[in-house]
Amino acid sequence: MVRQEEPEKSTKMTVSEKEVYEYSSPVTPRRAMFESQRKSVKESGRTRNPASENLMETELGRERYTRSLPMNCPKQCYAMVGLPARGKSYIAHRLARYLNWIGTKSKVFNVGQYRRELVGVNMSYDYYDPFNTTGAQSRRMVASHVLDTIIEWFKEDPDNAVAILDATNTTRDRRDLILERCPPEGIQVMFIESVLDDTFIEERNIREHKLRCPDYQGCDPDDAFNDFSKRIENYKKAYETLCLNLDRELSFIRVSNITQFHINNLLGTVQSKSAYFLMNIRPHTKTTLYLSRHGESQFNELAKIGGDTNLTDNGVRYAKKLGKFLQENNLTDIPVWTSIMKRTIETCSHLPNQNVQRYKCLNEIDAGRCDGLTYKEIEETYPEEFALRDLDKYNYRYPQGESYQDVCCRLEPIIMDLEKQDQVLLICHQAVLRCIVGYFLNLSTDEIPYIKIPLHTVIKITPVAYGCEKEEISFGVESSVTHRDKQTQESIERRLLALDISHGDSSFVSHEDMNGHSGNNNIISDHVIKT
């Protein structure tokens with residue numbers, strides 16, 4: 001390929017090379033910034049500290065804790081691009097939710113919100129006219145302020161990984177501002193453009209979301225709609241879409257009408273996983289989920305984790321009431337997804353639904369060597385393992401078993417399929433449902449292992465705006481209590497100090513037995529404790 005900065009040295013060009021040269025971006029600094037981003041893949045990095053630096057340096061710490069993706073990840077700024085009412089905010093929040101769920105700490109920075117704080121609300125459509133010099137200067141000032149905020153956010157916590165800049169960024173001048181500010185701070189930039197030609201969806205987006213924003217509070221809906229439509233027309237006057245000819249050196253994903261994708265120059269695992277997610281969501285599909293654990297099992301009654309036991313009498317009673325609930329609410333035709341364990345299969349046998357699908361990835365977290373024990377037995381026999389799990393429950397991996405992060409990894413295909421469903425009932429297990437609920441409610445990895453998922457309760461997840469609402473429906477059937485509260489950091493540290501665990505000594509398993517995540521996949525666990 002002909003180098004843009006030295007065209008005079010190129011005496012011969014093929015047709016394709018000539019086209020690349022003629023249509024490459026004339027802004028040389030952009031190419032330099034892109035090369036800087038590539039360099040940062042190798043040079044920039046961050047280390048995650050799930051428990052304490054001293055513990056992670058020991059052999060025991062490395063064996064017992066998984067790490068969130070990625071282990072060494074340059075900071076990222078995803079800048080949205082597109083006209084208003086094209087689903088940019090929806091995509092931004094969904095993507096942030098997914099990245100947080102896989103352990104990549106992310107945050108959405110909405111420029112409109114900052115504009116209202118800095119400039120005010122009730123800005124008429126004239127404010128967005130590209131020929132309005134005062135308005136253009138004001139909007140550039142707000143954009144610079146948001147970029148300052150993003151840079152400070154990265155400095156606050158080394159674990160902060162992806163900032164999503166939720167704005168229009170419709171001109172190359174505005175996108176160049178992002179490229180001028182971020183790469184010098186070691187922040188990679190990827191653009192995500194949303195293009196929508198469907199006028200019906202555009203109007204629906206305006207009426208359902210935009211007219212409810214603070215800019216139009218107290219306004220007549222028709223007047224607000226007309227004002228917002230004129231705002232879009234002003235943006236169209238200066239709109240410069242991303243294209244391969246002029247932006248081939250940039251990293252970007254262009255989403256056209258939800259179904260067509262143009263992907264260019266993605267860098268690293270996080271950008272690739274982001275593209276994978278965007279290609280699987282359906283922005284206009286509103287999925288209503290019904291989630292339930294199996295009926296109470298025999299191991300639940302004995303306060304043991306794991307096993308593959310049948311239901312108790314109370315468990316059977318709940319399964320029958322669940323079937324009646326589905327009939328009364330006209331839900332007998334929705335698909336039912338379940339694990340391959342006896343207790344979930346037996347629960348499903350009492351339902352009227354015929355479309356039942358079994359998935360091994362919905363099996364409970366693998367407790368490895370702890371399978372079949374109570375929490376009290378684990379604490380007494382293997383106090384170090386018990387303390388290590390309390391220290392960082394999400395990343396702790398049972399010897400020859402799984403961690404919560406492992407469960408999230410194997411649930412990714414299920415999550416992608418759930419994004420495309422209208423309604424579905426999931427009958428599975430406590431840890432699995434914690435991971436799924438944590439995804440839809442955008443909870444942190446610290447919160448996920450402690451979400452309360454009681455037995456004999458249906459959890460309904462309903463999408464609203466850019467998030468989801470959770471509702472619990474209890475049937476009044478008696479059951480064991482299987483939730484264990486989060487322990488205080490002080491008590492955990494005291495136990496670790498008493499065990500002298502920082503030296504990496506563990507009586508639980510020999511080094512010959514510690515083979516990472518190579519445990520018996522036929523052993524499935526269910527977190528339980530009597531309280």
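Qualifying ring pair (Phe, Tyr, Trp, His ring centres under 6.0 Å) partners for Y439, counting only residues two or more places apart in sequence or in other chains: W101. Remark: Y359 pairs with W337 by the ring pair (Phe, Tyr, Trp, His ring centres under 6.0 Å) rule, at least two apart or across chains. Y290 meets the ring pair (Phe, Tyr, Trp, His ring centres under 6.0 Å) test with no other residue; sequence neighbours excluded. R494 meets the salt bridge (Lys or Arg N to Asp or Glu O under 4.0 Å) test with E490; sequence neighbours excluded. Residues passing the side-chain hydrogen bond (donor to acceptor under 3.5 Å, both in side chains) test with S444 are E447, sequence neighbours excluded. For E202, the salt bridge (Lys or Arg N to Asp or Glu O under 4.0 Å) test picks out R86, with sequence neighbours left out. A search for salt bridge (Lys or Arg N to Asp or Glu O under 4.0 Å) contacts involving D157 returns K105, not counting sequence neighbours. Evaluation of the ring pair (Phe, Tyr, Trp, His ring centres under 6.0 Å) rule for F261 yields no partner, not counting sequence neighbours. E379 is linked by a side-chain hydrogen bond (donor to acceptor under 3.5 Å, both in side chains) to nothing, counting only residues two or more places apart in sequence or in another chain. Listed by chain and residue number, nothing satisfies the side-chain hydrogen bond (donor to acceptor under 3.5 Å, both in side chains) test with T332 (two or more places apart in sequence, or in another chain). Residues meeting the side-chain hydrogen bond (donor to acceptor under 3.5 Å, both in side chains) test with D390, sequence neighbours left out: R484, R495.
In this structure, W153 and F109 have perpendicular ring planes: the angle between them is above 60°, well past the 30° mark.
Salt bridge status for E296 with R317: absent, with no side-chain N to carboxylate O gap under 4.0 Å.
For residues 463-482, the salt bridge (charged side-chain N to carboxylate O under 4.0 Å, His left out) pairs, not counting sequence neighbours, are K470-E472.
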